[in-house]
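Encoded as structure tokens, the structure appears first; notes follow it.
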Amino acid sequence: MTDTIDMEHVLEISSKLSVNKSFLYFIMFTSFTFFVLFLKLKSYSYASLTIYIMLGVFIFITASKKLTQSSESIFLAQPTFSYVCLLIFFINFAFSIAYLIFFESLYSKSLWYYFFIGICTSVLFIASVLIEDDFIKKLLPYLTFLLNLNILFSNFIVFPNGVYSSGDTHYQIYNIILPIVENGYVPSGFTYSFFPIHQILVVSLAKITGIEPVFLYMSVTGLLYAVSALFIYSLTNRAGASRFGITAMLLFITASTTFYHSTHVYQFSYALPLGILLMYITMVLTITDDYGKNRNLLQNRTSWVMIYILAIGIIVWTHQFTSTIIFILIVLSWVTNYVISKNNANTLSFYSVFILYIVILFAHWMYISSVFSSLVRVFDVYCSSLFTVENYQVASSSLNSTNFLRPLWLIFIDTSGRGIIMMLGSMGCLYGIWKKNKYVFIWFIIGAFIWTLTSFGSFIKMPLLLGSRLLTFFDAMSIVFLATFGIMFLIERFGTKGLIFCSILLLIIPVFSLGSTVSGSETSLFVGDQPYVKFYDTDSDLQYRTWIKNTVPGNSNIWVSESWVLQYLDDLRVYGQLPINDQDQVADNMLKIGEYTVLNKHDSIGLRVKGISERDQIELVRSKNMSTIESQASHVRITKLDISEIKRVTSQLEHIYSNGETNICLKWERRKSLD
């Protein structure tokens, strides 16, 4: 099932894992250390994931006692079984869409949808392992691609006005994209004016297709991530796991980070698929296979190099964070490959890749600095966006800050989807190293590197170490591959029982992963009673915003629960965040005469409250006496604005507008009606 290479000089210890458990016990000890660290920092989600890692190592230690180098025979199904699988897939695929359209209410997703998707995932996995029919084997990647489109575009059914990612989505749309549409050129004066490629792509598609650019911006990423899954499939095949390429593809499309960044669109969402493409081409060009399986690919080397140059240029001009991380991972993967296979390492190819990346990056710096007239500003742009505490506040605005308010058991369940993948990944890592598979070893180094950075990022407030971004790379470029090898290990070790067990896991992973808060609080099954910031627009939102533009005078002060949304929609009025007192009530006594207050029914679970100012919070975090997690728990809280509170405020102030869901009040010196 896997390729074996000569790397005894690095993996001599790991080749004896079946009898020598010292290495495994060291991993258990390291994982337990991380577990204690996360508990100390009150980062309970990461602590929960570490438990799954330890569980995976424990299962491997227990199950590998009788493991031999010979592989288990593949279980073949009868020809009619393939058609049964296809029938079950299409029935549940149709049920999932029909349920959202006819039975699911707007602005929510329930368990049934995720259950239908889980059945589709499990059936595709079983078919990929058991079916030998050539037609079905060629059809499976396309069916997985179709399932991916179902998952990624399902939000448009229950959120017809789209879902965004904090204020960054509106920043890109109203400051960059729409001005390009109106003026025909990239506006200057914004940080992302220097990284305009994905905005230009959206505008170009809008011009060609005639589709609204705002809708395109929020939907194109779904197609990009679906295409990225095909690269995951191909790379798994290169690693010698051709029968399990569909498995890696399924794990990728059901990962919580994949779903989040493909449905909560902003700059990073467009950059990540390009990063996956770059990593894929890097391994095609620099890591050679011993058995010549990919000789046809390498014969088209010029084509791959041209695509690679284009991809580097696009990603450098798209997102500074992603291009930086991908460059580090490319160097890390090649160094790992060079160490474990010195004689077979394609040094010339890597040097070419390295130089190309540096040259294109330098060309971008020339573009930013107007040919060196202000080169210092180039470093300022990169350093401020990658390292400064202030930009961390913006970058982390979409993070779910309810984790430290929810019960620990709910946090554990919420992380179970990713946790199961982590458990399989820890088994697959050890299994692949025992098999001396160089791809597994590279993915392990990448995963360990990212996980270490994430651990430091738990108590160091730095955008470069932001877990919500780093774990996306971890999922897409490490853990889904390792988890695939973990499934291979279970099937090889336990035969039919292992296949059944893995089929059950592939059924429940989409439920817990796609239904987690990481995938988006508005679609989560595990939010519980905790409130969250609403990242979508209802029809009521669109109505009252139109009313404000037509009725409320310019320069008026308007208090709303999510002020950053309207700041990009309306620059004629001054929007502020609704003041809340210590009793989690609207502090209407803080309102001044002539100020407006917007009270939205849906915002009763979407009101973000900051106990201190942004500047004070930044200074507090810089202090050695408080960690990032402690600061967030103490000074950033989310509270409910229930119906009774809305009624209380409307009775205290002048109630001037209502559309059934949204009420707008005005504070006057004396009560009187506007009608």
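Numbering starts at 1 and runs along the sequence shown.
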For L471 and Y46: C-alpha separation, side-chain torsions, deciding distance, then whether side chain to side chain contact (heavy atoms under 4.5 Å, CB included) applies.
CA-CA 11 Å; L471 289 182; Y46 292 148; 3.4 Å; yes
Test Y225 against I151 for side chain to side chain contact (heavy atoms under 4.5 Å, CB included), laying out the working first.
CA-CA 11 Å; Y225 280 85; I151 295 171; over 6 Å; no
Checking E645 against R648 for the salt bridge (Lys or Arg N to Asp or Glu O under 4.0 Å) test, could you report, in this order, the C-alpha distance in whole Å, the side-chain angles of both residues, the deciding distance, and whether it holds?
CA-CA 5 Å; E645 177 63 8; R648 185 193 70 81; 2.9 Å; yes
Apply side chain to side chain contact (heavy atoms under 4.5 Å, CB included) to residues I558 and V598 and explain how you reach the verdict.
CA-CA 7 Å; I558 304 176; V598 177; 3.8 Å; yes
Determine whether Y171 and D168 satisfy the following criterion, side chain to side chain contact (heavy atoms under 4.5 Å, CB included), listing intermediate values before the conclusion.
CA-CA 5 Å; Y171 174 94; D168 199 20; 3.9 Å; yes
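A tilted orientation is assigned to the rings of Y536 and F159, their planes being inclined by 30° to 60°. Ring geometry for H261 against F268 counts as perpendicular: the plane angle is over 60°, on a 0 to 90° scale with 30° as the lower cut.
Atom OG of S228 and atom CD1 of I276 lie 4.5 Å apart (nearest 0.5 Å). How far OG of S110 is from CG of L525: 8.0 Å, rounded to the nearest 0.5 Å. Atom OG of residue S513 and atom CZ of residue R418 lie 7.5 Å apart, to the nearest 0.5 angstrom. Considering CG of L514 and OG1 of T258, their distance stands at 9.5 Å, rounded to 0.5 Å. In this structure, CD1 in I656 is found 8.0 Å from OG1 in T551, a value given to the nearest 0.5 Å. The structure places CD1 of I548 at 4.5 Å from OH of Y575, a figure rounded to the nearest 0.5 Å.
Between I664 and L599, the closest side-chain pair of non-hydrogen atoms is not below 4.5 Å. Put simply, the side chain of L578 reaches to within 4.5 Å of the side chain of V586, judged on heavy atoms. Within the 4.5 Å cutoff, side-chain heavy atoms of Y107 are placed close to those of T538. When side chains are defined from C-beta on, T254 does not count as touching N148, because their heavy atoms never get closer than 4.5 Å. The closest side-chain heavy-atom distance from K592 to N557 is not below 4.5 Å. Contact check for S256 versus F259: no side-chain heavy atoms found under the 4.5 Å cut-off. Taking the side chain as every heavy atom from C-beta outward, N663 and H655 approach each other to under 4.5 Å. Using a 4.5 Å heavy-atom cutoff, the side chains of F473 and I450 are in contact.
Ring centers of Y270 and H319: at least 6.0 Å apart, outside the cut-off. Centroid-to-centroid, the aromatic rings of Y657 and W547 come within less than 6.0 Å. Here F215 and F156 bring their ring centres to under 6.0 angstrom of each other. Close placement of the F512 and F526 rings is indicated, their centers lying within 6.0 Å of each other. Y164 has its ring centre no less than 6.0 Å from the ring centre of H264.
Side chains of N150 and Y113: a donor-acceptor N/O pair is present below 3.5 angstrom, by distance only. Checked by atom type, the side-chain pair S540/T662 shows a donor-acceptor distance below 3.5 Å. Between the side chains of S521 and S524, no donor N or O sits under 3.5 Å from an acceptor N or O. For the residue pair E595/W559, the side-chain donor-acceptor check at 3.5 Å is satisfied. Defined by atom type and a distance below 3.5 Å, a donor-acceptor pair is present between the side-chain atoms of S154 and K109.
Panel note: side chain D414, backbone T517; a donor-acceptor pair is recorded below 3.5 Å. Judged purely by atom type and a 3.5 angstrom limit, Q172 has no side-chain atom pairing as donor or acceptor with the backbone of Q267. Proximity of a side-chain donor or acceptor of T221 to a complementary backbone N or O of V265 within less than 3.5 Å is not detected. N659 contributes a side-chain N or O that, together with a main-chain N or O of E661, makes up a donor-acceptor pair within less than 3.5 Å. Side chain of S651 to main chain of K647: a donor-acceptor pair is present (N/O by atom type, distance under 3.5 Å, no hydrogens or angles).
Of the listed residues (L542, L106, D541), just one forms a side chain to side chain contact (heavy atoms under 4.5 Å, CB included) with N161, and that residue is L542. Partner Y217 forms a side-chain hydrogen bond (donor to acceptor under 3.5 Å, both in side chains) with one of E212, H198, Q199 and no other, that one being H198.
Across all their heavy atoms, A476 and F252 have their closest contact at CB-CE1, 3.8 Å. The minimum heavy-atom distance between Y260 and S165, with the atom names listed, is OH-OG, 3.4 Å. Between P553 and Y596 the shortest heavy-atom distance is CD-OH, 3.6 Å. Among all heavy-atom pairs drawn from P187 and I180, the shortest one is CD-CG1, 3.9 Å. The two atoms that bring K207 and V181 nearest to each other are NZ-O, 3.9 Å, heavy atoms only. Summarising the geometry of M218 relative to V163, their closest heavy-atom pair is CE-O, 3.0 Å, with the distance given to 0.1 Å.
Residue N550 qualifies as enclosed at atom CG: its count of foreign heavy atoms under 6.0 Å is above 12.
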